[in-house]
Amino acid sequence: MSEPVERPTGSAAVPEKPSLEGLETKWRDRWETDGTYGFDRTKTRDQIYAIDTPPPTVSGALHIGHCASYTHKDLMARFWRMRGKEVFYPMGWDDNGLNVERRVQLMRGVLCDPSLPYDPDFTPSDPPPKRPIPVSRPNFMQICAEVVEMLEEKYHELWSTMGLSVDWAQSYTTIGAKARRVSQYGFVRLLERDLAYRTEAPTLWDVDMKTAVAQAELEDRTIPGAYHRLVFRRADGEPLYIETTRPELLAACVAVVAHPDDERYKPLMGTEVTTPLFNVRVPVLAHELADPEKGSGIAMICTFGDTTDVIWWRDLALPVRTVVEKDGRVATMPPAGLEDGDGRAAYSEIAGLNMKQAQKRVVELLQAAGGIEGEPRPIEHPVKFWENGNRPLEIVTNRQWYIRYPPTDEMLARGREVRWHPEFMHVRYDNWVNGLVGDWNITRQRYFGVPFPIWYPIDEDGNVLHDRLLIARDDQLPVDPSTDVPDGYAQEQRDKPGGFAGDPDVMDTWATSSLTPQIAGGWPDDLDLFARVFPMDLRPQAHDIIRTWLFYTVIRSHYEFDTAPWSDALISGFVQDPDRKKLSKSAGNSPDDPMAIIGEFGADAVRYWASGERPGMDLALDRNQFKVGRRLATKILNASRFVLGFGEQPDAAAASAPLDLAMLGLLAEVVDDATKAFEEYEYTRALERTESFFWSFCDDYLELVKARAYTGDASAVAALRLGLSALLRLFAPFLPFVTEEVWSWWQDGSVHRSLWPTPGEVAADDGDPLVLEVAAEVLGQVRKAKTTAKKSLRADVALVIVHGRPEQLAALEAARSDVREAGRIAELRTEPADELTVVVTLSE
RNA sequence: GGGCGCAUAGCUCAGUUGGUUAGAGCGCUGCCUUCACACGGCAGAGGUCCACAGUUCGAGUCUGUGUGCGCCCACCA
């Protein structure tokens, strides 16, 4: 038993009492100052790893789920950077569109009324008024811009605190000039190729926000409704019962339809029936989509009650009888075809009512007129809503811009060019592509968005000539047709006969965000940069927007560059609260407020928790994991201080003792596994392997070697420092703050710009892992004996007899003195046996 | 109605090509004031691997059926 050795004085840079406090602030400032994550655009495409980072919707509430998914992207960025790639890792803010307008309406109490003049002195009142105040379009835009800037700063703050290694110099916003230019330029190019077009067509419409919405933004909600049994009259005066949940649309009825094989209605096909109340004659038609099981098996077709009506209307070439206006109210004037005097009188009773009121009134009128049989029969049924809306969508006819979908097989082929992580998410893409209907409506009747770079001439009679486009020149873009003037016209001619009119609408936000690789990559003005980053390597995103962001990006890249936009898609899941419900959206003091959590546990701990979410899987919000992560970070701090306290040994080759080589050999395997895991986007496995090794490094190896290390043994010190160096680098993507802190104690430069360890670097010689395994097992048995005897681990051991196979005993011999020191063993004997057993006799 | 995923210890999850006694962390219990770390360490208890059927010498793992949960999609009269 050796005498305690005085501990060598540690490096001056190693603090006596290391702490995690303040590491986030310290290092994020330092990384910013040093440009640690700056992108070097002189590198070529093969040297670059480009990430198509999702621009977060800044109008949404910040919550801990963001931290999880953005950590995953950062893990990949940091891994590839350490592998020597120049990582192109921009950040965008999605700050245009309807959601921002809604947020502004709530936060500032204003809404846009384009008919109002600009008021330079207007300031929103604080707190905002309950009833939003109408303001001019320029005022509204200004307020929106202020609000998004504030929101973006909060995101920036959170991302920096989380340690995201983005290059902030590459930032963009989807409402910014660059994004507007790319959006308009991309649009014009599609227009020139007839891949974008404008047409008047039935459109899904949100009556509250008064805008069209796209197929991808729909969601079904099950709400109460009721079947109303309406009494139509056949030519012979007999009744024909038709069940509908929307009697208020009766005036919009253009036909009734049954299945062609439905024997009950076959005799009526080709005849006409008369609607109750309005007394309009409509044909009885056949169509496959009519379901004999539903209602009375025969349906009324209205223009338009739902998307099936649109299909019937199109397939059967029916006329339009519009009843619903864009504000969701019944049109003032009755539709064409409603000629009957009583019918017009009935219509006047519902004109101007909203849908709910209209339904009530129509039912009353029908009851009075005997047009309805029995009481309404309540049901629950799915109805289409805009995903952020409050009232069911209506379908109205409107002029809209569309982008054509490519043929299905082309879109599927593009999907197959991408490697999906996890692979099963690919199915969602295919399902979506196979279920597409119509084309992509990119028009929104809103204000805070990218306008269409289009004007229309006005003829001498004041008619806007919508089929004669005045398209902005490429070099003019971005333009705002509401203030800019097309070539050949003067500002005074705006909205005048013989003059011009600007296109009033803006693009759907996806029409812009589908171009994120183009926007971030500098297309079309910086083609040098673009060639260095496109097609990109990675699209990381959540699974809910496969049908939107991912799909649309593929389409734009397909049209513009004839390629998939990236080689790999990394799809993350959602964060759920411990009860598996949706996380609360409230910002501020909620239990999932990210800043509060980071403040309590540290960013590394939050990243640790997030790293446990495997691609495609959901993750529960688990405070326990924050604790575990924090404990790991603390352990790294303390273990590192301990290791570095043994002094320096610059020659890594000095590691020669069998125990030390065994440790390094095992570490080399860990490096190899972690590297492969990362290359397969299995970052969770990389962390698990590293973490598990690290704990045995601390509990077993460090305990075994410390007596020798205290003496300054070159092999021990070299192995410890080499092991620590590799471990810090393996942990660096996950725990960037604590690893950087420790790295700074004894290394130059940032750990995040150091090279990822390689197996060969760690284990130049072949160590025999058995040495460490057997030594750790014996030490473990000694500890167990002490614990069982309720003795301190410092208690002396009189005798240890190890039974084992010859190679096990030989391995133990190679570490004999380390084992004796670590276990405080007076006498260590070995005896041959078939399996390894350890008999421990404690001293009295 | 269609598709996808999940189901393993009280909780959160690993279990790679089928192969002895199914693992980890947390939690729980006990012990250790230990000279890197009490924001610690050591150890212990705890499981009919959702059910049924099949393939196989052998199934947590492969096949089928069913059940439960979650998500995505769907033409909703």
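Since this is a predicted model, take the numbers as computed values, not measurements. Numbers restart at 1 for each chain; the letters A, B, ... are given by sequence-line order, proteins then strands.
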**Q** NA contact type, A/Trp695, heavy-atom cut-off 4.0 Å: base, sugar-phosphate, or nothing?
**A** sugar-phosphate

**Q** Taking B/C13 as the reference, what is the distance to B/C52 when you measure between their C1' atoms (whole Å, please)?
**A** 27 Å

**Q** Just call it for A/Thr308: base, sugar-phosphate, or nothing, with non-hydrogen atoms closer than 4.0 Å on any strand.
**A** sugar-phosphate

**Q** I need the CE-P distance between A/Met425 and B/C6, as an integer number of Å.
**A** 10 Å

**Q** Please assess A/His259 against A/Asp291 for the test side-chain hydrogen bond (donor to acceptor under 3.5 Å, both in side chains), listing each intermediate value before the final yes or no.
**A** CA-CA 6 Å; A/His259 194 275; A/Asp291 182 354; over 6 Å; no

**Q** Would you indicate what A/Lys784 reaches in the nucleic acid, counting non-hydrogen atoms under 4.0 angstrom: base, sugar-phosphate, or nothing?
**A** sugar-phosphate

**Q** A/Arg630 near the nucleic acid: base, sugar-phosphate alone, or nothing, with a heavy-atom cut-off under 4.0 Å?
**A** base

**Q** Using a heavy-atom cut-off of under 4.0 Å over every strand shown, decide if A/Cys698 touches base, sugar-phosphate, or nothing.
**A** base

**Q** Heavy atoms from C-beta onward define the side chain here; which of B/C42, B/G5, B/A14 lies closest to that of A/Phe424?
**A** B/G5

**Q** How is A/Glu703 classified with respect to the nucleic acid when contacts are heavy atoms under 4.0 Å: base, sugar-phosphate, or nothing?
**A** base

**Q** Determine the contact category for A/Arg631: base if any of its heavy atoms lies under 4.0 Å from a base atom, sugar-phosphate if only primed atoms, P, OP1 or OP2 are that close, otherwise nothing.
**A** sugar-phosphate

**Q** Can the positive tip of A/Arg607 be found less than 6.0 Å from the middle of the six-membered ring of A/Phe734, inside 45° of the ring normal?
**A** no

